[in-house]
Amino acid sequence: MPWVVDSTQTEIPDCPQIFRMDGEPWIEANVYAVQRLEAGKNIETVNALMNHLRDYAEFLEVENLDWRHFPQKKRQRCLVRYRGNLIERRDDGCLSPSTATARMSSVVAFYRWARREGLIDRKNLWEDQQKIIRRHTLIGLPRTLAVTSSDLAIPNRKRPGDSVEDGLLPLSDSARKTLLAFLNRQGMTELYLMFVIGFFTGARIETIRTLRLLTLDSARSDPSIPNLQRVPVGPPTPVKTKFRVSGDLLFPLPVIHLLQKYATSARRLARQAKADDEDRTLLFLTTRGRKYEDGSFTRLMSELRKNLVKSGLGEFERLKFHQTRATFGSQLMRLCIETMAHTDDAIVFVRDAMLHKNEATTWKYVKFVQNEPIKEKLADEFFDFFSGKETNPDALIDYVTNE
């Protein structure tokens with residue numbers, strides 16, 4: 001059936017619309033976008049709202065849920081399950097705390113609109129809560145605001161203390177080796193290669209999941225370092241990056257050779273044979289020949305953590321894939337500071353290698369690396385103190401007991 005322009009309606013250029021995998025439109029969400037634009041919202045705001053709803057739509061399709069699925073049991077409701085999915089992805093480092101908060105807020109806003117329009121029943125949706133927010137004006141006068149919040153809201157809480165990206169800490173060299181050895185022994189080939197790429201290139205999981213065979217073919221030698229290969233990612237390539245930043249990832253040559261060998265392996269070709277035409281050229285495919293989505297990768301990480309703990313590796317109980325990026329960035333910054341004369345040069349190199357949109361993120365690595373000697377000295381002094389080099393441990397115990 002051809003598309004026909006309705007001359008009686010006002011044209012809205014670039015209006016974002018959501019379609020399911022079978023080609024059917026999500027009519028309610030699309031009407032929501034049109035009404036937001038007609039109400040005076042700018043196109044950037046509506047695009048952001050619809051991008052959050054698109055993520056929700058992908059979750060519903062992966063879980064085979066209808067957007068109106070609100071049974072009596074709370075944990076089975078689609079919104080409650082999506083909230084848990086967002087929190088898990090946030091904790092895995094796949095989403096920043098602010099993005100997880102914004103996505104849940106945008107989805108709840110859509111449901112509020114749908115309820116007002118009579119598209120969905122109020123029953124079993126959520127519980128609204130009244131909250132009081134106290135602020136001060138620029139001249140110091142107190143101001144109190146009453147706001148309505150749902151019990152589905154996800155607080156935007158960042159982890160305190162030393163961290164690099166998204167509140168995460170890098171892994172030690174020994175922890176990295178232990179993890180890779182475990183993945184290799186368990187025959188978890190795809191996850192092993194994904195972690196290798198993360199540890200040695202700093203690529204985000206979204207970038208790794210969208211690597212294609214042509215991506216490896218496009219690798220070219222770095223003119224100054226023969227053992228490094230530059231791999232273009234971001235627009236106009238099909239490899240996704242955060243904020244659609246374009247640039248080159250630095251791949252060690254052995255990693256390129258490892259991935260090329262995997263690309264032609266019987267294991268991967270068996271998965272490729274089950275894939276749709278659109279996904280056949282993806283480097284990493286599931287056992288069913290499908291691309292790795294946010295949901296399927298989150299489940300994969302959850303199973304990995306359980307297996308690690310069962311094997312006696314409890315230090316990986318809260319492992320996040322994004323820690324591979326934090327590990328690469330801190331090691332790269334450490335090398336740059338040691339070998340480059342000026343910190344500014346180190347910042348530029350790390351910023352470009354990790355495709356940072358904002359140098360403020362790169363500066364976190366500088367501060368983290370610069371603080372390492374201080375923390376090491378502090379740890380040594382604590383060890384000396386409690387080992388008896390500075391004082392008698394028995395005397396210390398007596399002192400604490402008497403107090």
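Every heavy atom of this structure was used, including side-chain atoms; hydrogens, water molecules and symmetry mates were not.
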Please confirm whether the ring centroid of [X] lies under 6.0 Å from the ring centroid of [Y].
X      : Y      : result
Tyr56  : Tyr82  : yes
Phe70  : Tyr111 : yes
Phe199 : Phe328 : no

[X] and [Y]: side-chain donor and acceptor closer than 3.5 Å?
X      : Y      : answer
His356 : Thr362 : yes
Gln229 : Ser221 : yes
Arg89  : Thr298 : no
Asp173 : Gln331 : yes
Gln186 : Tyr192 : no
Trp26  : Gln17  : no

Residues [X], [Y]: salt bridge by 4.0 Å N-O rule:
X      : Y      : answer
Glu206 : Lys242 : no
Arg299 : Glu63  : yes
Glu58  : Arg54  : yes
Arg268 : Glu190 : no
Arg68  : Asp66  : yes
Lys291 : Glu278 : no

Taking [X] for its side chain and [Y] for its backbone only, find out whether a donor-acceptor pair lies under 3.5 Å.
X      : Y      : value
Lys74  : Val80  : no
Arg77  : Gln72  : yes
Thr201 : Ala203 : yes

Are side-chain heavy atoms of [X] and [Y] found at a separation under 4.5 Å?
X      : Y      : answer
Trp67  : Leu79  : no
Met50  : Ile18  : yes
Pro232 : Arg220 : yes
Leu119 : Trp113 : yes
Leu193 : Leu259 : yes

Should we count CZ of Arg290 as having more than 12 external heavy atoms under 6.0 Å?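 Not more than 12 within 6.0 Å, no.
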More than 12 heavy atoms of other residues, nucleotides or ligands under 6.0 Å from CG of Leu180: yes or no?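 Enclosed.
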For the residue pair [X] and [Y], what are the closest heavy atoms and their distance?
X      : Y      : answer
Ala29  : Phe110 : CA-CE1, 3.8 Å
Cys336 : Ala346 : CB-CB, 3.6 Å
Phe297 : Arg209 : CB-CD, 4.3 Å

